[in-house]
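Shown next, in structure tokens, is the structure this report addresses.
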Amino acid sequence: MNVQAAGQNHFIMSNQEEEKDFIREIIAEDLASGKHETTITRFPPEPNGYLHIGHAKAICLSFGIAQENAASGARCHLRFDDTNPAKEDVEYVERIKEDVRWLGFDWGDHLFFASDYFDYFYDCAVHLIKEGLAYVDLQTVEEVRENRGNVKVTGTNSPHRDSSVDDNLALFEQMKSGELGEGKAILRAKIDMTSSNMNMRDPVIYRVMHETHHNTGDAWKIYPMYDFAHPLEDAKECITHSLCTLEFEEHRPFYDWAVANCPTASTPRQIEFSRLNLNYTVMSKRKVLELVNDKVVSGWDDPRLLTISGLRRRGYTAESIRHFCHRVGITKFKGITDMSVLENEVRQHLNKVAERRMAVMNPLKVTLTNWEQGRVEIMEANNNPEDKQAGTRQIALGKQVYVERDDFMEDPPKKFFRLGIGRSVRLRGGYIITCNEVVKDADGNVTELLCEYIPDTVGQNAPEGIKCKAAIHWVSVEHGLDAEVRVYDRLFSDENPDGFEGGFRACLNEDSLTLQSAKVEPSLGEVEPGYRCQFERLGYYCTDIKDHVKGEKLVFNRTVGLRDSWKK
RNA sequence: AGGUCUAUAGUGUAACGGUUAGCACUGCUGAUUUUGAUUCAGUAAGUGAGGGUUCAAAUCCUUCUAGACCUACCA
């Protein structure tokens, strides 16, 4: 664990560059011009699902900016935007906090809930009514929709638009008390029904909802809409820069309207950036929830998903996710990032910090014919050949070992460097062996290899006349442990390259998850959950955080495969 | 189609009117290698299209094209 931590620091330190995206430039200017003394950002998730890699981008941005400007007292608030009790749940609150923390960010004392501001929102609504800037609309849902018009048809005014302040106040009170039921009335801002921006056609700011809220219980029968609540939340918390994704661009005029027309403590500025798009995957909460509910996946933290908890369970490091977010950058351009960029980041990080371990997924028994019966020799192997600090470990070698079935070919092509009849190969960290004979069963399947080890080849080059171009992984039959390995397909199908729309459910069925038993070296018997190592030639594996030991077997998830150019 | 926004190698980005358009990943070639990994070296590939302003345009103007988002009593 300590080794990993040290490596992680190195990884992060060596990759800090001073590139500024357009948002950081705006902030730097505001600081330089004295418009703001410091910068206060916020990350405002709705507790209606787990965080995913897309949220990580927003988290790295808002919390990252706060960290970078810490000298001036900058901070980033974690605020739960819980204004719709119908969709939200406390479970999500805890999971979100856990994920933000795991990603390496800290909100300090600045944890907030939009629901704690319900009184404030209400006061603002009353203020608007008194100013003649809001009115209670008694039209039906259909009428409201009809009268809003559409992109081509301009909206028409509600018959209730010019009700008196006193009437509006009284009606709003009836909404609040529950006298006016759900769907019977809404409070709307009075702006402009002819605006080309649909969000300015007298947007709804309060609706009646007789739902129990996870925080305020049954205290309220009316709840503010996001468009109304969000600017007020930001203003109340004195957020200077409110960073959100591009789809809120057209909401900004109303955001500014609300701040300008309500009694606010500050004037926050909303700035939009492009959300993360990854190809071959599905991130939307709606779809993931569907997969969870239908038990297509084991939960929000299923390692096949791109949720933060799924990635964590799969073995991704927080560092690699942060680095990935830094690499895709912050722009207004809606590009699609290739999944391989993400995978490349973990691979790069894990290569530095993960210890090397040997495992055999598809075992083929090898008997060393010239090895004395009962003899056991301890091999000393590097934990990480590139990092001497990682130390060494001891591995017992006996008369019989398992090797990967793929490492033997009866009729090998020219470029195959591993075992074949008459060929030599090194047992990694140990002796060079030569294959003399193949044992087959009645059906002609290879069941065992009879090999000869060549003495004095541990740590030595191959003797004259012996060609040895590869070192393969092996596990002693006598000493090896049984483990279970889960190989998850990357979350995509090549047949649905455009984001899974129709096919993602199918891709997530059993084909995307292969359970395999494996033989692993004895040193893996003592590792902690979350331990990551490289199974030579197979990729990087992580002990499953949930199912570290399942029955008698260790459980590993594959984090990411090795690059394997020779297979192409 | 109404609005808002975007357009730089395959991908993600930098260049803020001024050298030869920079970087990273990917690709390809080669070297090292007790992991066909890693590492290292080399190499290929770009300003969506047309017009204009200017001594000078990726950058400013204009037309076109392509894409994204918006049209919820969700956030």
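For the numbers below, each heavy atom of this structure counts, side chains included, while hydrogens, waters and symmetry mates do not. We name chains A, B, ... by the order of the sequence lines, and we start the count at 1 in each one.
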> Under the side chain to side chain donor-acceptor pair (under 3.5 Å) test, which residues partner A:H160, sequence neighbours left out?
Replying inline: none
> Hey, does the side chain of A:R356 come within less than 4.0 Å of B:A37's phosphate (OP1/OP2), counting only N and O?
Replying inline: no
>> Taking 4.0 Å as the cut-off, does a side-chain nitrogen or oxygen of A:R188 come that near to OP1 or OP2 on B:C73?
In response: no
>> For a quick check of understanding: with a heavy-atom distance under 4.0 Å over all strands, which category does A:F248 fall into, base, sugar-phosphate or nothing?
In response: base
>> Just to verify, what does A:H473 make a ring pair (Phe, Tyr, Trp, His ring centres under 6.0 Å) with, not counting sequence neighbours?
In response: none
>> Does A:E146 have more than 12 heavy atoms from other residues, nucleotides or ligands lying within 6.0 Å of its CD?
In response: no
>> Heavy atoms only, 4.0 Å cut-off, all strands: where does A:G329 land among base, sugar-phosphate and nothing?
In response: nothing
> Just how far, in rounded Å, is C1' of B:A24 from NE2 of A:H349?
Replying inline: 18 Å
>> Of the listed nucleotides (B:G12, B:C73, B:A68), which one gets closest to any side-chain atom of A:T337?
In response: B:G12
>> For B:C74 and A:T83 - does any side-chain N or O of the residue sit under 4.0 Å from the phosphate oxygens OP1/OP2?
In response: no
> Which dot-bracket string fits RNA chain B when only Watson-Crick or G-U wobble pairs with both atom distances under 3.5 Å count, crossing pairs get [ ], and | stands for a partner on a different strand?
Replying inline: .((((((..((((....[...)))).(((((.......)))))....(((((..]....))))))))))).....
>> Considering every strand and a 4.0 Å limit on heavy-atom distances, what is the contact class for A:V204: base, sugar-phosphate, or nothing?
In response: sugar-phosphate
> Think A:R275 has a side-chain N or O under 4.0 angstrom from the OP1 or OP2 of B:C69?
Replying inline: no
>> Just to be sure I understand the rule, does A:T331 reach a base, reach only the sugar-phosphate, or reach nothing, if contact means heavy atoms closer than 4.0 Å?
In response: sugar-phosphate
>> Using the ring pair (Phe, Tyr, Trp, His ring centres under 6.0 Å) criterion, which residues pair with A:F408? Sequence neighbours excluded.
In response: none
> For the residue pair A:Y50 and A:W300, does the interplanar ring angle fall in the parallel (under 30°), tilted (30 to 60°) or perpendicular (over 60°) class?
Replying inline: parallel
> What are the residues of residues 452-469 of chain A, sorted by number, that bring a heavy atom to within less than 4.0 Å of RNA chain B?
Replying inline: A:T457, A:V458, A:G459, A:Q460
Could you pull out the protein-nucleic contacts involving nucleotides 1-4 of chain B (nitrogen or oxygen on both sides, under 3.5 Å)?
unit_1	atom_1	unit_2	atom_2	d
B:G2	O4'	A:V151	O	3.4
B:G3	N2	A:E250	OE1	2.9
B:G3	N2	A:E250	OE2	2.9
B:G3	N3	A:E250	OE2	3.3

> When we call it a touch if two heavy atoms are under 4.0 Å apart, what does A:M209 touch: a base, just sugar-phosphate, or nothing?
Replying inline: nothing
> In the 5'-to-3' direction, what one-character label does each nucleotide of nucleotides 41-48 of chain B receive under the scheme B = base within less than 4.0 Å of a protein heavy atom, S = sugar-phosphate only, - = no such atom?
Replying inline: --------
>> Under the rule for side chain to side chain donor-acceptor pair (under 3.5 Å), what residues qualify as partners of A:E380, not counting sequence neighbours?
In response: A:T392, A:Q394
> Are A:R356 and A:E536 side-chain neighbours, meaning at least one heavy-atom pair lies under 4.5 Å?
Replying inline: yes
> Residues two or more places apart in sequence or in another chain: which of them pass side chain to side chain donor-acceptor pair (under 3.5 Å) with A:R275?
Replying inline: A:E247
>> Under 4.0 Å, heavy atoms only, any strand: does A:H473 hit a base, just the sugar-phosphate, or nothing?
In response: nothing
> Checking all strands, does A:R426 fall into the base, sugar-phosphate, or nothing category for heavy-atom contacts under 4.0 angstrom?
Replying inline: base
> Can you find a side-chain donor-acceptor pair between A:E237 and A:H77 that sits under 3.5 Å?
Replying inline: yes
> Hey, does the side chain of A:E143 reach the backbone of A:Q139 with a donor-acceptor pair shorter than 3.5 angstrom?
Replying inline: no
>> For A:Y255, give me all partners under side chain to side chain donor-acceptor pair (under 3.5 Å), at least two apart in sequence or on another chain.
In response: A:D234
> When all nucleic acid strands are considered with a 4.0 Å heavy-atom cut-off, which category describes A:K334: base, sugar-phosphate, or nothing?
Replying inline: base
> So, is A:R563 near the phosphate of B:U39, with a side-chain N or O under 4.0 Å from OP1 or OP2?
Replying inline: no
>> Using a strict heavy-atom distance below 4.0 Å, which residues from residues 21-32 of chain A are in contact with RNA chain B?
In response: A:E25
> Listed by chain and number, what are the ring pair (Phe, Tyr, Trp, His ring centres under 6.0 Å) partners of A:F172, not counting sequence neighbours?
Replying inline: A:Y122, A:Y206
> Quick one: which of B:U35, B:A72, B:A24 gets closest to the side chain of A:R428?
Replying inline: B:U35
> Closest to the A:F333 side chain: B:U13, B:U35, B:A72?
Replying inline: B:U13
